[in-house]
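Letters A, B, ... mirror the listed sequences (proteins, then strands); counts begin at 1. For the numbers below, each heavy atom of this structure counts, side chains included, while hydrogens, waters and symmetry mates do not.
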Amino acid sequence: MLAESLFVMLGTLSVIGALGMLIARNPVSSALWLILTLFCVAGLYLTLSAEFIAVVQVLVYAGAIMVLFLFVIMLLNLGTMPTMKGVGWKKAVGFVLCVVVLTQLVLIGATGLDLLPATEVVDVANAGSATTIAKSLFTRYALAFEVIGILLLVATIGAVMLAKRRFA
Amino acid sequence: MDVPLWLLAIIAFGVINFMLISASVLVYAERKVSAYMQNRPGPNRVGPAGFLQPFADVFKLMFKEDVAPRAASPFVHSLAPVIMVVIAMTVPAMIPFARGVVIVDNSVTVLIILALTSVSVYGVTMAGWSSNSKFSLLGGLRSSAQMISYELSMGLAVASVVLLAGSLSVVEIVEDQSVGGAVLGWNVFRNPLGALIFVITAFAETNRAPFDLPEAEQELVGGYHTEYSGMKFGMFFLAEYVNWFVASFVIVTLFFGGYLLPFEPQILAAYPGLEGSVGLGLLQALCLLVKVGFFVFLFLWVRWTLPRFKYNQLMEIGWKVMLPAALVNVLLIAIAVAVFMG
């Protein structure tokens, strides 16, 4: 029960954060809203008792990537973007209604055609532990893991090459 | 081990107050030790031997007017010091003070400590940005660059410890160091390079000299907290000193046996009645504090002995010395674990 109410709270907050990121006119505020969303997503992982993924989410996304984002934004010293023209409340209400109706239609269609994925109950106690993840990462998904490693290496080398050509 | 919730609450309350009081004691220690190192008496007017000086400072900060720049972004400007203090106060929850006395104990506590360290950059960055001042912004930028550069080496040093212990839980890492009897199981003896790297990166992460570029007075006024006054500045001050104290705790816990007594197996063999008693717990807490005391003094010692690095030196040490050394260390430890423990 607690987990459910937490889920609703964190989910709402993360959506608010995402909307804030889109609406904010200042790049730094946008980044701060995005950080809020990332923390809420980490909290969502916690409600699924995936402690390892939750902490890694904070460590990698909030702790490393967003710090670099913020760093670059501050270094570039971007000005604020022009404020949006006022969106009439009629358009806003219409948009929300459209989203709700579309979601319902998709859900009904999916259930009618039996397309929803079956809820799979895994070993909840150990589903999120580092050992479980490492096991599947280094056995079943070993090839994909290695390919991603090479991809990142290529991207790193590419970035270094680009930076060198610019300033050499 | 199942500790009842009320006992945990009492421990947590005690730990928070301990950290708050420790900050004022550390301020006094810093001023007194630095004074003796520079052959002057230091604070000696308020209270016996000047011992009440930090309390006088705190009262001064609390009653000072809080001035915020008009161009500052008000919410973020107030949020930044709060983030710093909250994060500094959260890390002690993961540190075991004696066997079984720890507030948070799950399977990923080491990662939580690392995550909190990396998130604390936001406090500095936000303070630098929201003040809308050149000096603050430069201080914030320097600080985030420095913390990102040294976080990598710190994470790799921690990874080598995790490899040795085979667990991501701080409690299990401490208990793992009790192998080998006496003191030889401590990670500093099994993993000396990792310990050295971790201590140096801890200096960099806490922004202490010789890594105190973010608040270099000669060039940046006060760095990221130039535009803060009153208790908001006090919170940055508090966070800095608590961070210093907590960093010492983490160093001791990960590399110097944490709460383990030196020669614990022998002592337990000599006094079997001690096993599992409250007395042993007190001894362990005392032992932890003595070890932490040494590192607190080391931080002071280094600060008042070494000059500050230049920015290019800072980056060169971080990327060209610490990172390769940490990578090689992790590789060596991994090979050693596979060969000797596998």
Side-chain angles (χ1 to χ4, degrees), chain A residues 20 24-36 38-43 45-46 49-80 124-134 138 153 156 160 163, chain B residues 73 75-77 79-80 83 87 90 94 104-132 134 136-149 151-152 154-155 158-159 162-163 166-169 172 205 224 319:
Chain A
R25 293 288 92 186
N26 188 320
V28 177
S29 322
S30 283
L32 293 178
W33 280 112
L34 184 56
I35 292 162
L36 176 69
L38 290 175
F39 271 102
C40 290
V41 172
Y45 288 139
L46 270 187
S49 70
E51 287 161 354
F52 181 73
I53 304 217
V55 177
V56 167
Q57 160 91 8
V58 172
L59 192 65
V60 174
Y61 284 97
I65 294 180
M66 279 318 291
V67 171
L68 279 176
F69 263 58
L70 211 56
F71 183 74
V72 171
I73 291 173
M74 278 163 58
L75 207 61
L76 293 178
N77 200 11
L78 302 170
T80 49
V124 176
N126 290 316
S129 82
T131 326
T132 322
I133 293 168
F138 286 106
L153 186 67
T156 315
V160 171
Chain B
S73 141
F75 179 70
V76 181
H77 192 256
L79 186 64
I83 289 183
I87 287 172
T90 315
M94 263 71 72
V104 180
D105 180 19
N106 59 30
S107 54
V108 289
T109 35
V110 175
L111 286 181
I112 297 181
I113 291 181
L114 276 181
L116 284 171
T117 319
S118 60
V119 168
S120 72
V121 186
Y122 285 124
V124 178
T125 322
M126 281 158 70
W129 172 75
S130 68
S131 297
N132 222 328
K134 285 188 191 67
S136 300
L137 187 66
L138 282 174
L141 280 176
R142 275 190 186 185
S143 167
S144 39
Q146 173 177 329
M147 283 172 145
I148 294 166
S149 311
E151 238 169 51
L152 287 171
M154 180 181 246
V158 172
V162 170
L163 278 174
S167 163
L168 289 168
S169 148
E172 277 171 43
E205 290 288 320
Y224 55 88
W319 291 101

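No more than 12 heavy atoms of other residues, nucleotides or ligands sit less than 6.0 Å from atom OH of Tyr45(A).
When every heavy atom of Tyr122(B) is checked against every heavy atom of Gly63(A), the shortest pair comes out as OH-N, 4.4 Å. Residue Val58(A) comes nearest to Val119(B) through the heavy atom pair CG1-CG2, 3.7 Å, listed as atom of the first residue, atom of the second, then distance.
Heavy-atom distances place the side chain of Leu168(B), and not its backbone, under 4.5 Å from chain A. Heavy atoms of Met147(B) lying under 4.5 Å from chain A are absent altogether.
Between chain A and the residues Ile148(B), Val121(B), Leu141(B), the largest count of heavy-atom pairs under 4.5 Å involves Leu141(B). If you tally non-hydrogen atom pairs under 4.5 Å between each of Ser107(B), Gly128(B), Ser118(B) and chain A, the highest count goes to Ser118(B).
Separating the CD atom in Glu51(A) from the CD1 atom in Ile112(B) is a distance of 7.0 Å, to the nearest 0.5 Å. Atoms CD1 and OG1, from Ile73(A) and Thr125(B) in turn, are 11.5 Å apart once rounded to the nearest 0.5 Å.
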Let's go through Trp129(B) and Leu70(A) carefully: what are the C-alpha distance in whole Å and the side-chain angles of both, what is the deciding distance for side-chain contact (heavy atoms from CB on, under 4.5 Å) to 0.1 Å, and is it a yes or a no? CA-CA 10 Å; Trp129(B) 172 75; Leu70(A) 211 56; over 6 Å; no
